[in-house]
Amino acid sequence: MKIGIIGAGFVGRAVAKLAIKAGHQVMLSNSRGPQTLFSLRPMIGCEIGTATEAATFGDIVVIAVPLTAIGQLPVAEIAGKPVIDAVNYYPERDGQVAELDNQTTTTSEYLAGFLPQSKIIKAFNAIQMTDLEKDGLPAGNPQRRALPVAGDDAETKKTVIALYDAFGFDAVDVGALSEGWRFQRGMPCYCVRMTESELKAALEGAVRPEPAGR
């Protein structure tokens, strides 16, 4: 399939490399324009473009930008499409966001507020990108690392789980998008190598933090 990636940092480039290796077509984009990405075309084998072009290109769109940049996403071009949300909240980088500090929403639900017509799946946020590139193992290996996924659209979730598998990882379906808090930054399984059984236990035992200020 065609994968449009908005954000060409560590996350965007790692997902692009693995997706191309798995046989998909990829277009990478960033906020500075495709001229700043010209070296990635021969290096990775991807197409390059603007965020709008990547959104139009993709059968599925990966959002891999800082939280502060989601207000600049090409909403119209992403509307109706499956979206992989790899965004994390870092207050020291993004500033304070009251809804996230107060635990009244999750990062993915916050993103969904900007993309109300898109089918959003939380994935690829709970692993370091250097690990994503090197930790993949064949299916059936007892040491295979597992990664969490959450979302409300069943078909999009199947697509993302298939990508996890192609990249060498088992998937643990956490449930609805609202359950994405279980593997946000700061939770026990965040960026920790776990097998499927270990990840399931960590997700089930997760406790939502108290709202900031209490």
Side-chain angles (χ1 to χ4, degrees), residues 2-16 26-37 40 46-127 129 148-153 156-157 159-160 176-187 190-191 208-209 211-213:
K2 292 182 176 181
I3 302 175
I5 303 178
I6 300 176
F10 293 119
V11 177
R13 281 177 282 170
V15 172
V26 174
M27 180 180 286
L28 267 170
S29 68
N30 67 9
S31 60
R32 299 191 303 273
Q35 71 277 5
T36 65
L37 303 173
L40 293 181
C46 64
E47 298 297 320
I48 56 175
T50 65
T52 298
E53 288 168 339
T56 301
F57 171 89
D59 301 316
I60 189 167
V61 179
V62 179
I63 307 299
V65 299
L67 190 78
T68 52
I70 62 178
Q72 285 74 55
L73 294 172
V75 177
E77 287 75 18
I78 301 175
K81 291 195 174 189
V83 168
I84 295 174
D85 167 31
V87 178
N88 285 306
Y89 173 44
Y90 290 87
E92 60 271 33
R93 177 196 67 188
D94 305 320
Q96 302 298 141
V97 179
E99 303 99 299
L100 298 175
D101 292 338
N102 295 334
Q103 302 295 325
T104 55
T105 191
T106 63
T107 54
S108 290
E109 291 173 297
Y110 184 74
L111 174 64
F114 291 83
L115 302 172
Q117 297 180 50
S118 301
K119 304 166 187 175
I120 296 173
I121 300 294
K122 186 74 172 176
F124 291 105
N125 73 297
I127 181 172
M129 291 302 104
V149 57
D152 300 329
D153 186 81
T156 303
K157 196 179 284 184
T159 300
V160 175
L177 196 65
S178 60
E179 293 297 305
W181 64 267
R182 294 180 182 274
F183 54 100
Q184 289 182 166
R185 182 195 182 201
M187 299 308 289
Y190 181 75
C191 294
R208 198 161 194 175

Task: Set of residues satisfying side-chain contact (heavy atoms from CB on, under 4.5 Å) with respect to M187, sequence neighbours excluded - done: W181, A206, P209
Task: All side-chain contact (heavy atoms from CB on, under 4.5 Å) counterparts of P148, not counting sequence neighbours - done: A126, V174, F183, L199, L203
Task: Heavy atoms from other residues, nucleotides or ligands near CD of Q117 exceed 12 (cutoff 6.0 Å) - done: no
Open item on the list: Using the side-chain contact (heavy atoms from CB on, under 4.5 Å) definition, which of the options I3, V15, V61, V62 pairs with I84?
Closed with: V62
Task: Contacts of type side chain to side chain donor-acceptor pair (under 3.5 Å), residue T36, not counting sequence neighbours - done: N30
Open item on the list: Tell me which pairs pass ring-ring contact (aromatic ring centres under 6.0 Å, His included) where either residue lies in residues 87-120, with sequence neighbours left out.
Closed with: Y110-F114
TODO: Go through the structure and list residues passing side-chain contact (heavy atoms from CB on, under 4.5 Å) with E109, not counting sequence neighbours.
DONE: T105, T106, L177, S178
Open item on the list: Show every side-chain hydrogen bond (donor to acceptor under 3.5 Å, both in side chains) that has at least one partner inside residues 74-88, sequence neighbours left out.
Closed with: D85-S108, D85-K122, N88-N125, N88-Y190
Task: G151 backbone acceptor or donor facing K157 side chain under 3.5 Å - done: yes
Open item on the list: Please list all pairs meeting side-chain hydrogen bond (donor to acceptor under 3.5 Å, both in side chains) that have one or both residues in residues 55-69, counting only residues at least two apart or in different chains.
Closed with: none
Task: Heavy-atom check, side chain of L40 versus side chain of C46, under 4.5 Å - done: yes
List the atom pairs, donor and acceptor, that lie under 3.5 Å between side-chain atoms in residues 6-13 and the rest of the protein, sequence neighbours left out.
from, atom 1, to, atom 2, distance (Å)
R13, NE, A8, O, 3.0
R13, NE, G9, O, 3.2

Task: salt bridge (charged side-chain N to carboxylate O under 4.0 Å, His left out) involving R185 - partner list, sequence neighbours excluded - done: E92
Task: Sequence-distant partners of D152, side chain to side chain donor-acceptor pair (under 3.5 Å), two or more places apart - done: none
- [ ] Compare every heavy atom of P82 with every heavy atom of I60, then report the nearest pair and how far apart it is.
- [x] CG1-O, 3.4 Å
Open item on the list: Rounded at 0.5 Å granularity, tell me how far CD1 in I5 sits from CZ in F57.
Closed with: 9.5 Å
Task: Heavy atoms from other residues, nucleotides or ligands near CZ of R93 exceed 12 (cutoff 6.0 Å) - done: yes
Task: Distance, nearest 0.5 Å, that separates CG of L67 from CG of L100 - done: 6.5 Å
Task: T52 side chain to P74 backbone, donor-acceptor under 3.5 Å - done: no
Open item on the list: Can you list everything that forms a side chain to side chain donor-acceptor pair (under 3.5 Å) with Q35? Sequence neighbours excluded, please.
Closed with: none
TODO: Could you walk me through whether I78 and I63 pass side chain to side chain contact (heavy atoms under 4.5 Å, CB included), step by step?
DONE: CA-CA 10 Å; I78 301 175; I63 307 299; 4.1 Å; yes
- [ ] Report the residues that fulfil salt bridge (charged side-chain N to carboxylate O under 4.0 Å, His left out) with E47, sequence neighbours left out, ordered by chain and then residue number.
- [x] R41
